[in-house]
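A, B, ... follow the sequence lines: proteins, then strands. Residue 1 opens every chain.
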Amino acid sequence: MTNPERKAWSQDYSGWFHKVIAEVPIYDTRYPVKGTGIWMPFGYRLRKEVLRIIREELERTGHEEVLFPLLIPDYLLSKESEHIRDFEDEVYWVTHGGKTPLEVKLALRPTSETAMYPMFKLWINAYSDLPLRVFQIVNVFRYETKATRPMIRVREVSTFKEAHTAHATREEAEEQERIGVEVYSKIFERLKIPFLRTVRPDWDKFPGAERSIAFDTVMPDGKVLQIGTVHFLGQGFARAFDIRYMNSDGNYEHVWQTCYGISERAIAALISIHGDDHGLVLPSEVAPVQAVVIPIVYKGSEEEVLKRCKEVSEILKTSGVRVAIDDRRDMTPGNKYYSWEMKGTPVRIEIGPRDIDNNTVVLVRRDVLKKTPVNLDCLVEEVKRLFINIDEELTKRGREWMASKVREAETVDQAKSELDNNGGVVELNWCGRTNCGEELERTIDARILGVPFDKNGAENHITGAKCAGCNESAIKRIRVARSY
RNA sequence: GGGGCUGUAGGCUAGCUUGGUCUAGACUGUCAGGCUCGGGCCCUGGUGACCCCGGUUCAAAUCCGGGCAGCCCCA
């Protein structure tokens with residue numbers, strides 16, 4: 001069989017997603033607290049591989065891992081006024097220790113700025129303490145609206161990678177913002193997740209930030225999912241938390257800061273974007289099992305076949321491939337194929353009596369489900385070549401998917417009909433005025449994601465065009481979408 | 001946040017309108033045994049559930065109220 005279908009995937013994405021995460025299994029949604037879920041062993045391993053990539057990219061660029069407490073006292077959480085105003089409706093509070101009411105209410109962190117920055121104040125004294133770059137991978141809690149969704153809108157974000165940096169000057173912090181964007185781009189490229197980088201409009205910035213740059217992707221149902229954000233914080237938090245350093249003149253100055261985050265939404269995107277009706281399709285780098293060996297045993301040849309399977313498995317293991325043998329006796333090969341395809345295993349290796357005779361194995365790649373017999377002597381080489389082919393195919397598919405989901409429009413009517421018919425993202429001209437933006441969102445029935453990010457920052461003005469909303473002169477190109 | 005639908009074995013499904021003879025399935029999973037194994041084999045036997053609390057009633061899976069949880073649509 002070749003060319004696995006994407007019927008369920010495209011026509012009933014939500015049903016497809018629920019089924020896949022339950023069947024693989026990745027994530028069990030049946031825990032009786034709303035907006036929470038359980039990472040099942042296979043899902044946990046997938047998450048671990050994704051986190052490995054995230055850690056590698058951050059560590060490569062000078063970020064150090066730390067771990068802060070879950071609890072934040074109320075007076076710290078409310079220190080930065082914009083920040084608390086946005087978060088206060090979604091904070092979980094710990095109010096009692098046993099039966100004793102607490103004198104200071106404790107928040108379950110919704111994010112950790114207000115936990116970290118009082119400590120930054122203690123850690124940073126002099127110019128030589130900068131730049132400071134730390135990150136942690138923790139759970140955070142947000143009392144989300146009733147419309148929760150596994151991994152995508154949850155009340156306990158179980159996998160929240162947050163990086164926080166502090167710098168001596170605006171320029172250095174802006175350089176860090178750029179590095180943050182590059183780090184995230186690299187991470188998503190390694191995950192083969194296509195993305196758009198968009199500077200959020202002022203009304204949609206991270207509370208307390210000067211500028212927010214978001215990574216968005218398009219899910220199979222055409223809705224946009226934000227999978228990462230990079231924030232330039234300026235000096236707002238530094239003032240609120242009085243984080244200062246002594247400069248070379250002997251004067252104290254507030255630091256400049258950035259922060260950036262990625263959550264398990266990235267894993268939801270990884271699962272969704274590559275998948276098909278047989279289940280997951282995983283890039284080789286993050287597949288918990290990269291190659292599975294399926295013995296095809298007939299009566300009388302069991303020992304010989306199993307012996308060969310073990311040899312093959314050992315050879316691959318030695319060359320660094322995460323490999324498993326499925327030697328379950330009470331299951332037919334076909335059944336095993338389906339179950340490993342559901343798990344997204346990039347390469348399947350079938351070994352039967354015929355292969356023993358011919359000194360071959362049969363390789364099957366998950367993305368296109370194509371079978372190729374190869375000689376045992378080139379096993380490692382061929383398996384690794386398939387990994388590369390699969391990864392390239394996933395990157396290509398991702399790009400094509402994204403390209404097909406980003407359209408241009410002249411008018412709000414065109415924009416609306418594009419979104420009605422095709423979903424995704426529509427780009428159009430805009431005057432830059434907030435009230436026009438709000439009207440535009442209402443008319444198109446969508447959200448303004450913001451302005452395309454380029455390396456020079458947000459200020460990529462345009463001239464000589466009319467605003468699609470009010471017909472005045474347009475100054476920006478904006479992206480509009482329906483989102484999660 | 002507003003609305004709709006729903007909750008029955010690990011999963012899926014029937015029963016609910018009109019309370020009783022209710023508990024059930026030839027599906028799937030799972031366990032034991034047999035037969036097998038190059039795309040979801042087959043046979044035999046076993047296993048396992050009416051979301052929680054309260055109310056109405058002689059009698060509740062079924063009706064009513066509340067809670068918890070889920071899905072869908074809209075914001």
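- B/C50 and B/U23 have their P atoms separated by 13 Å, with the value rounded to a whole Å.
- In the interface, the side chain of A/E350 is not paired with the base of B/G39 through any donor and acceptor atom under 3.5 Å apart.
- Counting to the nearest Å, the P atom of B/G67 and the NZ atom of A/K146 are 13 Å from each other.
- B/G25 sits 22 Å from B/A32 when the C1' atoms are compared, rounded to a whole Å.
- Nearest-nucleotide assignment on RNA chain B puts the 5′-proximal partner with A/Y143, out of A/I296 and A/Y143.
- Using a 4.0 Å heavy-atom criterion, one finds that A/P353 contacts the bases of the nucleic acid, with or without backbone contacts as well.
- A/D330 comes within 4.0 angstrom of nothing in the nucleic acid, heavy atoms only.
- The nucleotide B/C5 finds its pairing partner in B/G70, both defining distances of the Watson-Crick or G-U wobble pair being shorter than 3.5 Å.
- Taking the P atoms as reference points, B/U56 lies 15 Å from B/U62, given to the whole Å.
- Of the candidate nucleotides B/C37, B/G38, B/G39, B/G39 has the atom nearest to the side chain of A/V364.
- Taking a pair to require two hydrogen-bonding distances under 3.5 Å in either a Watson-Crick or a G-U wobble arrangement, B/A26 remains unpaired.
- For the pair A/E5 (side chain) and A/D277 (backbone), a donor-acceptor distance under 3.5 Å is absent.
- If you measure from atom CD1 of A/I21 to atom C1' of B/G10, you get 16 Å, rounded to the nearest angstrom.
- A sub-4.0 Å separation between OP1 or OP2 of B/G39 and a side-chain N or O of A/K336 is absent.
- For A/K371, taking side-chain heavy atoms from C-beta onward, the closest of the listed nucleotides B/C37, B/A75, B/G39 is B/G39.
- Nucleic acid contact for A/E144: none, since no nucleic acid atom lies under 4.0 Å from a heavy atom of the residue.
- Taking atom C1' in both B/C58 and B/G19, one finds a spacing of 12 Å when rounded to whole Å.
- Taking atom C1' in both B/G40 and B/U28, the straight-line distance is 11 Å, to the nearest Å.
- Inspection of the A/S483 and A/Q226 side chains reveals no N or O donor paired with an N or O acceptor under 3.5 Å.
- Rounding to whole angstrom units, CD of residue A/E302 and C1' of B/C35 are separated by 13 Å.
- Straight-line distance between the C1' atoms of B/C63 and B/U17: roughly 11 Å, to the nearest whole Å.
- Aromatic ring pairs are classed by plane angle as parallel below 30°, tilted from 30° to 60° and perpendicular above 60°; the pair A/F237 and A/H83 is perpendicular.
- Taking the six-membered ring where the residue is Trp, A/F188 and A/Y184 present perpendicular rings, their angle passing 60° and hence far from 30°.
- Across all strands shown, A/P32 has heavy atoms under 4.0 Å from sugar-phosphate atoms exclusively, and none from any base.
- A distance of about 26 Å separates the P atoms of B/G46 and B/C51, rounded to the whole Å.
- Using a 4.0 Å heavy-atom criterion, one finds that A/P150 contacts the sugar-phosphate atoms exclusively.
- Between A/T360 and the choices A/D377, A/N375, A/D355, A/T372, the side chain to side chain donor-acceptor pair (under 3.5 Å) rule is met once, by A/D355.
- Taking the side chain of A/T145 as heavy atoms from C-beta on, and the options B/C37, B/G1, B/G38, the nearest nucleotide is B/G1.
- Across the protein-nucleic acid pair, A/R328 atom CZ and B/C31 atom P stand 11 Å apart, rounded to whole Å.
- Taking atom CD1 of residue A/I294 and atom P of nucleotide B/G38, one finds them 12 Å apart after rounding to whole Å.
- For A/R366 (side chain) and A/L280 (main-chain N/O), a donor-acceptor pair under 3.5 Å exists by modelled atom type.
- A distance of about 11 Å separates the C1' atoms of B/A61 and B/G7, rounded to the whole Å.
- When both pairing distances are held under 3.5 Å, B/G54 makes a Watson-Crick or G-U pair with B/C64.
- Aromatic ring pairs are classed by plane angle as parallel below 30°, tilted from 30° to 60° and perpendicular above 60°; the pair A/W16 and A/W9 is perpendicular.
- A/R30 comes within 4.0 angstrom of sugar-phosphate atoms only, judged by non-hydrogen atoms across all strands, and of no base.
- Contact annotation for A/D28: no contact, since no heavy-atom pair falls under 4.0 Å across all strands.
- The distance between atom CG of A/D355 and atom C1' of B/C37, rounded to the nearest whole Å, is 14 Å.
- The side chain of A/H18 lies closest to B/C71 when the candidates are B/G38, B/G39, B/C71.
- Closest approach of A/L191 and A/H274 over heavy atoms only: O-NE2, 3.1 Å.
- Phosphate proximity of B/C41 to A/N335: present, with a side-chain N or O under 4.0 Å from OP1 or OP2.
- Atom CH2 of A/W340 and atom P of B/G40 are 19 Å apart (whole Å).
- Applying the Watson-Crick and G-U wobble criteria (two distances, each under 3.5 Å), B/A49 pairs with nothing in any strand.
- If A/P295 and A/G35 are placed on RNA chain B by their nearest nucleotide, the residue sitting closer to the 5' end is A/P295.
- Within the 4.0 Å cut-off from OP1 or OP2 of B/C68, not a single side-chain nitrogen or oxygen of A/K34 is found.
- Contacts of A/R447 with the nucleic acid, taken as non-hydrogen atoms under 4.0 Å apart, are absent.
- Other residues, nucleotides and ligands contribute over 12 non-hydrogen atoms within 6.0 Å of the CZ atom of A/R328.
- A/T332 has a side-chain polar atom (N or O) that falls below the 4.0 Å cut-off from OP1 or OP2 of B/C41.
- Across the strands present, B/C41 finds no partner; the criterion is a Watson-Crick or G-U wobble pair with both atom distances under 3.5 angstrom.
- A straight line from OH of A/Y337 to C1' of B/C37 spans 9 Å, rounded to a whole angstrom.
- The base of B/G39 sits within donor-acceptor range of the side chain of A/R348, with an N or O pair under 3.5 Å.
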